[in-house]
Amino acid sequence: MTTSEDAGQRHRTAATMHATAQQLEEAEDTLHRSAQRSPDSETRRRLDDLGDAVTAEARHIDDRADRITGPSV
């Protein structure tokens, strides 16, 4: 694999990772909206906690993608 091919592959990988992180952020929004609608306080808490965990993972994925190519992807 040439340096150019390797760079292209890294950019594609980082772009996929950023897209995955964005999808996780959308799932997090859904979890928090569901939590707000739940009549049960324990369910609200669990959904909010899960939403927060999903956001943390999305940030980790974004950070790893940035380390691959830099934040401009």
| query | D63 and R67: salt bridge (charged side-chain N to carboxylate O under 4.0 Å, His left out), yes or no, with the steps? | reply | CA-CA 6 Å; D63 290 344; R67 287 193 299 271; 5.3 Å; no
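Considering CG of L47 and OG1 of T30, their distance stands at 11.0 Å, rounded to 0.5 Å. Atom CG of L31 sits about 10.0 Å away from atom CG of L24, to the nearest 0.5 Å.
Counting only residues at least two apart or in different chains, salt bridge (Lys or Arg N to Asp or Glu O under 4.0 Å) contacts with residues 33-45 comprise E42-R45, R45-D49. Screening residues 51-62 for salt bridge (Lys or Arg N to Asp or Glu O under 4.0 Å), with sequence neighbours left out, gives E57-R64.
When the side chain to side chain contact (heavy atoms under 4.5 Å, CB included) test is applied to T16, the partners found at least two apart in sequence or on another chain are T20. Among residues two or more places apart in sequence or in another chain, the side-chain hydrogen bond (donor to acceptor under 3.5 Å, both in side chains) test is passed with E26 by Q22. Every residue meeting the side-chain hydrogen bond (donor to acceptor under 3.5 Å, both in side chains) condition with T13, not counting sequence neighbours, appears here in chain and number order: Q9. In this view, E25 satisfies the side-chain hydrogen bond (donor to acceptor under 3.5 Å, both in side chains) rule with no residue, not counting sequence neighbours.
With M17 as the fixed residue, the side-chain contact (heavy atoms from CB on, under 4.5 Å) test singles out one of I61, T69, D66: I61.
For the pair H32 and D48, the minimum side-chain heavy-atom distance is below 4.5 Å.
Judged by distance alone, with hydrogens and angles left aside, the side-chain atoms of S38 form no donor-acceptor pair with the main-chain N or O of S34 at under 3.5 Å.
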